[in-house]
Amino acid sequence: MGPALRSLGLLVLLGACVHAYRPAELSFAAQPDSFDRVLYALRDDYPSLTEVDRDGFRIQSAWIACEDRGTPAQRRLSLFLERPGLMSVVVEVRYLKLAVFGNPSWTTPQGHQTWEREIVEQISAALQS
């Protein structure tokens, strides 16, 4: 491997480290009914919630069966306040892996920024109305 190729490999590796995953964020002016509005915005896409902490402003859904670009998957939403007026939204997705020999299994969960942006838009609209 030549020096130029090694340098390129190092740059790619460093670039991958710099681009760390960040959850979607939503700045909002808290109102007395903000939590209820957020719950209302989630009702269709995340109907099964495993954690609803009104005092801590934290919501987490169960793993929900879905499909992502034709691949069977499951997704889960976690929503929490980073600090007052700043909500973080994480949508994790795991994909079904079918093995030639052995049992099917799930991949390691990873963030799905497209679904995060979509739910942030829905929550934002619910908080504004």
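As a basis for the values below, the full set of heavy atoms in this structure was taken, side chains included, without hydrogen atoms, waters or symmetry mates. For the single chain, residues carry numbers from 1 onward in sequence order.
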Hey, what do you get for [atom1] ([X]) to [atom2] ([Y]), rounding to the nearest 0.5 Å?
| X | Y | atom1 | atom2 | value |
| --- | --- | --- | --- | --- |
| Glu118 | His112 | CD | NE2 | 8.0 Å |
| Thr107 | Arg94 | OG1 | CZ | 8.5 Å |
| Leu39 | Ser34 | CG | OG | 11.0 Å |
| Arg117 | Ser124 | CZ | OG | 14.5 Å |
| Glu116 | Arg22 | CD | CZ | 11.0 Å |
| Trp63 | Arg76 | CH2 | CZ | 4.5 Å |

Checklist entry - With the 4.5 Å side-chain cut-off for hydrophobic clustering, are Val38 and Val52 part of the same group? => result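 Yes, same cluster.
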Next on the checklist: When you group the ILVMFWY residues by side-chain heavy-atom contacts below 4.5 Å and let the links chain together, are Val91 and Ile64 in the same group?
Outcome noted: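 Yes, it is one cluster - the side chains of Ile64 and Val91 are joined through contacts under 4.5 Å.
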Checklist entry - Using links of under 4.5 Å between side-chain heavy atoms of ILVMFWY residues, direct or through other members, which residues join Val100 in one cluster? => result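 Members alongside Val100: Phe101.
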State, with a plain yes or no, whether a side-chain heavy atom of [X] is found less than 4.5 Å away from one of [Y].
| X | Y | result |
| --- | --- | --- |
| Leu98 | Ser105 | no |
| Tyr95 | Gln110 | yes |
| Leu26 | Val89 | no |
| Leu42 | Ile123 | yes |
| Tyr46 | Ile59 | no |

Next on the checklist: Using 30° and 60° as the class boundaries, would you call the ring planes of Phe28 and Phe57 parallel, tilted or perpendicular?
Outcome noted: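 Taking Phe57 first and then Phe28, their aromatic rings sit tilted (interplane angle of 30° to 60°).
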Next on the checklist: Donor-acceptor check, side chain of Arg37 to backbone of Ala126, threshold 3.5 angstrom: yes or no?
Outcome noted: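 Yes, the answer is positive, given that a donor and an acceptor are paired below the 3.5 Å cut-off.
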Item to check | Salt-bridge contact Asp68-Arg75 (side-chain N to carboxylate O under 4.0 Å) | outcome: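 A salt bridge is absent here (no side-chain N lies under 4.0 Å from a carboxylate O).
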Next on the checklist: Please determine whether the number of non-hydrogen atoms from other residues, nucleotides or ligands lying under 6.0 Å from atom CZ of Arg58 exceeds 12.
Outcome noted: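 Enclosed: over 12 neighbouring heavy atoms sit under 6.0 Å from CZ of Arg58.
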What donor-acceptor contacts under 3.5 angstrom involve side-chain atoms of residues 77-88, with partners at least two apart or in another chain?
residue	atom	partner	partner atom	Å
Ser78	OG	Gln60	NE2	2.8
Glu82	OE1	Ser88	OG	3.0

Item to check | side-chain contact (heavy atoms from CB on, under 4.5 Å) between Cys66 and Trp115, intermediate numbers included | outcome: CA-CA 12 Å; Cys66 63; Trp115 287 342; 3.7 Å; yes
Item to check | Modelled atom types, side-chain donor and acceptor of Asp44 and Gln122, under 3.5 Å | outcome: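 Side chains of Asp44 and Gln122: no pair found under 3.5 Å.
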Next on the checklist: Suppose we screen for salt bridge (Lys or Arg N to Asp or Glu O under 4.0 Å). Which residues come up paired with Asp53, at least two apart in sequence or across chains?
Outcome noted: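 Salt bridge (Lys or Arg N to Asp or Glu O under 4.0 Å) check on Asp53 returns nothing, list empty.
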